[in-house]
Structures are given as structure tokens and as C-alpha cells.
Amino acid sequence: MFQGLSEKLQETFKRLKGKGKLKEADVSEAMREVRVALLEADVNFKVVKDFVAKVKERSIGQEVLESLSPAQHVIKIVHEEMIELMGGATGKILIASKPPTVIMLIGLQGAGKTTHAAKLANMLKKQGKHPLLVACDIYRPAAIKQLQVLGDQLKVPVFSMGQDNPRDIAKASIVHANQNGQDVVIIDTAGRLHINEELMGELRDIKSSVKPHEILLVVDAMTGQDAVNVAESFHSDLGLDGVILTKLDGDTRGGAALSIKAVTGCTIKFVGIGEKMDAIEPFHPDRMASRILG
Ligand code: GDP
């Protein structure tokens with residue numbers, strides 16, 4: 001993963017030779033290449049511009065630490081600024097003081113909502129919670145079936161009311177959870193190929209009927225800047241509490257991971273790293289920065 005980006009950056013940094021203070025010309029040249037590498041990795045152009053400016057400002061004229069080569073010194077600064085860019089580590093679900101904690105997963109079709117609803121249930125079950133999965137993707141019978149199959153596999157109950165109104169299903173699921181001792185309700189909602197008013201209207205409806213504690217957007221890392229645009233739209237319409245960035249095991253160029261926080265202000269809470277039920281991890285900006293830099 002991120003092969004292209006890390007190799008490019010390493011090549012660039014190798015050219016920073018010598019000791020003493022980092023010179024403006026050297027840093028500028030390196031930053032030009034960092035800029036290209038980040039743009040090629042599909043990082044948002046404004047994010048790249050600000051990022052490069054910050055790294056440059058911190059690098060020029062700095063005394064290179066005795067223990068580091070100039071390249072290592074710049075890499076250290078790039079690493080620190082990447083962590084800053086991706087925000088704090090928040091791979092946690094906020095548990096409500098009065099159960100059930102209600103989590104609503106939203107996103108475009110194919111992003112990984114159903115899979116991640118089940119992965120979250122699995123994770124929370126291992127933490128001693130009693131989750132309930134709720135099938136609100138009523139348009140595709142296959143989606144309800146998919147959730148039921150995953151629930152059976154994980155031994156997590158699944159609440160569904162067929163093709164009923166998603167708002168009513170969501171509402172009824174809370175009553176059901178209260179009656180059956182389930183302390184976390186995870187609502188899987190319908191997606192569309194593109195964002196449209198009908199989808200947003202339906203999601204707003206569910207939101208107002210159950211007042212979720214966490215609205216998490218599921219986005220596919222492979223879609224790069226599109227993922228960031230999708231996050232921006234959903235956040236402005238519904239107000240997101242966090243993002244689950246999926247398919248990081250695939251051939252992603254890393255742009256979404258680096259841009260989402262800076263563009264939308266939303267932190268990435270979890271990452272999906274495979275199709276299996278345990279392929280979910282809390283998002284760690286420091287680890288991600290190390291992975292990107294190779
Ligand atoms: P939904 O339409 O948003 O509910 O998407 P699904 O949960 O049905 O996922 C769409 C496809 O992506 C399925 O084939 C999943 O197995 C796959 N998928 C989901 N998350 C990941 C992930 O983190 N890594 C990989 N490699 N595949 C994933």
C-alpha cells in the first residue's frame with residue numbers, strides 16, 4: 001500500500017545531502033517533489049499546498065540534528081506534520097450514559113456499510129457489549145439477507161422489518177433493544193450510487209427519529225478525492241461524528257487518509273483492512289504516517 005508515494009518520497013529525500021543547516025534551495029527542491037508525490041497520491045491540492053508550506057517553513061534554516069542526515073531530518077518533520085494533518089487518534093465509540101448507544105452507518109453503495117456494521121458489532125461484542133444490528137437498507141433484499149448472514153455468523157441478533165419505512169424500523173429497533181438487553185444499536189442504512197436528495201432526506205428522517213449518538217460515514221479509500229468530496233457533502237447535510245475509511249488493504253494511493261480531516265474537520269475513527277469480520281482497526285495517524293513514508 002502507498003508504494004508509489006513512499007518510494008517517491010525516499011528518492012527525493014536521498015538527494016538532500018550534507019550536514020549543517022538545511023538550505024532553502026535544497027528544501028525547495030525536495031518540497032517540489034513532495035508536492036508532486038502527494039498530488040499523484042490523490043491528496044487534495046489545497047491540503048498539499050498548505051502541507052508543503054508548513055514543512056518548508058519548519059525545515060529551512062534548521063540545524064540538522066547531529067544524529068540525523070538532512071534527509072532523515074526532513075522526513076521527521078514531514079512525519080510530524082502528517083500526524084498533525086490527520087488529527088488525533090479517536091478509534092473509539094462514545095458509549096452513551098443511558099443505553100442503548102445508537103450508531104448510524106451511512107455512505108454510498110458499495111463503500112462497505114453492511115460489512116462494517118457487522119465488523120463493529122463483532123468488535124463491540126468482544127468488548128463485552130450486546131449489540132443489535134438493524135437492517136434499514138430496505139431497497140435491496142440482498143442487503144437485509146447479507147446482514148442476517150453476517151449476524152448469524154457472529155451470533156449477533158439482527159432486527160429487520162422487511163421493506164417498511166426505514167425511520168419506523170430504526171425507531172422500533174430501539175424499543176426492541178431496550179426490551180432485550182441490547183446496549184448498542186448499529187443501524188445499516190441504504191446507499192446510492194451517488195448522493196441525491198432522496199437519500200439525504202431518508203437519512204435525515206432516520207437521524208431525527210432515533211437521535212444517534214454516533215453518525216459514522218463509511219467511505220472507500222480507493223476512491224481518493226471522491227471519498228473526500230462525499231465526506232464533505234454528508235458532513236454538511238447530516239453532521240458526522242467520524243469516518244470509517246475502508247479498503248485500505250487495497251491498492252489505494254493514500255490521498256483520502258491524508259485529506260479527510262483537513263478538508264472536512266472530521267476524524268477518521270476506524271479503518272477497514274479486509275473482508276473478514278476482524279479486519280477493522282482504530283485509526284492511528286502516527287502509524288498511518290509511518291506507512292505512507294515507508
Ligand atoms: P455497502 O453497499 O456499503 O453495504 O457495502 P458492502 O458492505 O456490501 O461492501 C461492498 C464490498 O466491499 C463487499 O464485497 C465487501 O466484502 C467489500 N469490503 C468492505 N470493506 C472492505 C475492506 O475493508 N477491504 C476489502 N478488501 N473489501 C471490503
Side-chain angles (χ1 to χ4, degrees), residues 1-3 91 103-124 131-154 156 158-160 162-163 166 169-170 173 185-196 198-200 202-203 206 212 214-224 226-231 233-235 237-238 240 242-257 260 268-284 287-288 291-292:
M1 172 181 101
F2 305 144
Q3 209 69 26
I103 304 167
M104 179 176 167
L105 293 193
I106 63 176
L108 295 183
Q109 197 171 306
K113 278 182 304 302
T114 307
T115 312
H116 283 79
K119 285 185 188 176
L120 274 183
N122 188 36
M123 186 189 83
L124 290 162
L132 175 69
L133 285 163
V134 182
C136 278
D137 183 356
I138 57 161
Y139 305 101
R140 292 186 308 136
I144 304 178
K145 179 86 188 135
Q146 186 190 351
L147 198 62
Q148 263 154 356
V149 168
L150 293 172
D152 285 350
Q153 189 188 322
L154 301 169
V156 169
V158 175
F159 184 86
S160 90
Q163 324 282 120
I169 301 175
S173 75
V185 171
I186 303 171
I187 302 174
D188 181 27
T189 63
R192 302 279 195 283
L193 286 178
H194 305 284
I195 292 177
N196 61 32
E198 200 189 348
L199 170 66
M200 287 302 185
E202 178 176 314
L203 296 175
I206 300 176
E214 295 256 13
I215 299 183
L216 301 180
L217 174 72
V218 180
V219 280
D220 179 343
M222 313 257 277
T223 61
D226 275 346
V228 182
N229 296 335
V230 164
S233 300
F234 275 101
H235 186 47
D237 211 308
L238 291 152
L240 301 176
V243 172
I244 302 179
L245 190 61
T246 67
K247 310 191 192 180
L248 268 183
D249 52 309
D251 189 20
T252 166
R253 290 179 290 160
I260 281 182
I268 300 171
K269 285 203 168 197
F270 299 97
V271 293
I273 47 165
E275 296 190 71
K276 296 220 176 85
M277 284 297 103
D278 56 1
I280 185 167
E281 281 178 0
F283 178 64
H284 292 289
R287 279 191 220 159
M288 182 63 75
R291 261 154 89 170
I292 292 172

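Ligands are counted one by one from 1 in listed order, and the atoms in each one are counted from 1 as well. Computed from a predicted model, the values in this text were never measured in an experiment. Positions are given from 1 along the sequence.
- Ranking protein heavy atoms by distance to atom 20 (N) of ligand 1, first place goes to His116 CE1, 3.1 Å.
- A side-chain N or O of Thr114 and one of Asp188 form a donor-acceptor pair less than 3.5 Å apart.
- Going from atom CD1 of Ile103 over to atom CG of Leu133 covers 10.0 Å, rounded to the nearest 0.5 Å.
- Some N or O of Lys113 is nearer than 3.5 Å to an N or O of ligand 1, by distance alone.
- Contact annotation: the side chain of Phe234 approaches that of Leu203 to within less than 4.5 Å [non-hydrogen atoms, C-beta and beyond].
- For the pair Val156/Leu132, no side-chain contact is recorded, criterion being any heavy-atom separation below 4.5 Å from C-beta on.
- Met104 approaches Pro212 most closely through the heavy-atom pair SD-CG, 3.7 Å.
- Atom 10 (C) of ligand 1 has Gly110 O, 3.6 Å as its closest protein atom, hydrogens excluded (heavy atom only).
- For the ligand labelled ligand 1, residue Asp220 lies outside the 4.0 Å heavy-atom shell.
- Atom 22 (C) of ligand 1 has Gly274 O, 3.2 Å as its closest protein atom, hydrogens excluded (heavy atom only).
- The nearest protein atom to atom 16 (O) of ligand 1, hydrogens excluded, is given as Glu275 OE1, 2.6 Å; this is a heavy-atom distance.
- Considering backbone and side-chain atoms alike, Asp188 places every N or O at 3.5 Å or more from each N or O of ligand 1.
- The two residues Pro166 and Cys136 come nearest to each other via the heavy atoms O-SG, 3.5 Å.
- Annotation for Arg287: atom CZ does not count as buried by contact number, only 12 or fewer foreign heavy atoms lying within 6.0 Å.
- The shortest N or O to N or O distance between Gln109 and ligand 1 is not under 3.5 Å.
- In summary, the atoms of ligand 1 found under 4.0 Å from a heavy atom of Ile273, numbered by their order in the structure, are 23 (O).
- Of the polar atoms of Gly112, at least one N or O is found under 3.5 Å from an N or O of ligand 1, judged by distance alone.
- Looking at atom 24 (N) of ligand 1, its nearest protein heavy atom turns out to be Asp249 OD1, 2.9 Å.
- Here Lys119 has side-chain heavy atoms under 4.0 Å from ligand 1, and that is the only part of it that gets that close.
- Contact annotation: for Lys276 versus ligand 1, there are no heavy atoms closer than 4.0 Å.
- Heavy-atom proximity to Leu108, at under 4.0 Å, picks out these atoms of ligand 1: 3 (O).
- Under a 4.0 Å criterion applied to the non-hydrogen atoms of Arg140, ligand 1 contributes the atoms 2 (O).
- For ligand 1, one of its N or O atoms has an N or O atom of Ala111 under 3.5 Å away.
- At the top of the distance list for atom 18 (N) of ligand 1, counting protein heavy atoms only, stands Lys247 CE, 3.8 Å.
- The two residues Asp137 and Ile144 come nearest to each other via the heavy atoms O-CG1, 3.6 Å.
- Ranking the protein heavy atoms by distance from atom 19 (C) of ligand 1 puts Thr115 OG1, 3.7 Å first.
- Between the side chain of Thr246 and the backbone N or O of Gly112, no donor-acceptor pair lies under 3.5 Å.
- From the protein, the heavy atom lying nearest to atom 8 (O) of ligand 1 is Gln146 NE2, 3.1 Å.
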Going through the distances and angles, do Thr189 and Leu105 end up as a side chain to side chain contact (heavy atoms under 4.5 Å, CB included)? CA-CA 6 Å; Thr189 63; Leu105 293 193; 5.5 Å; no
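- Side-chain contact between Leu108 and Ile195: present, with at least one pair of heavy atoms (C-beta onward) separated by less than 4.5 Å.
- Residues Tyr139 and Glu202 have side chains that bring a donor and an acceptor to within less than 3.5 angstrom of each other.
- Contact atoms of ligand 1 toward Gly272: 23 (O) (distance under 4.0 Å to a heavy atom of the residue).
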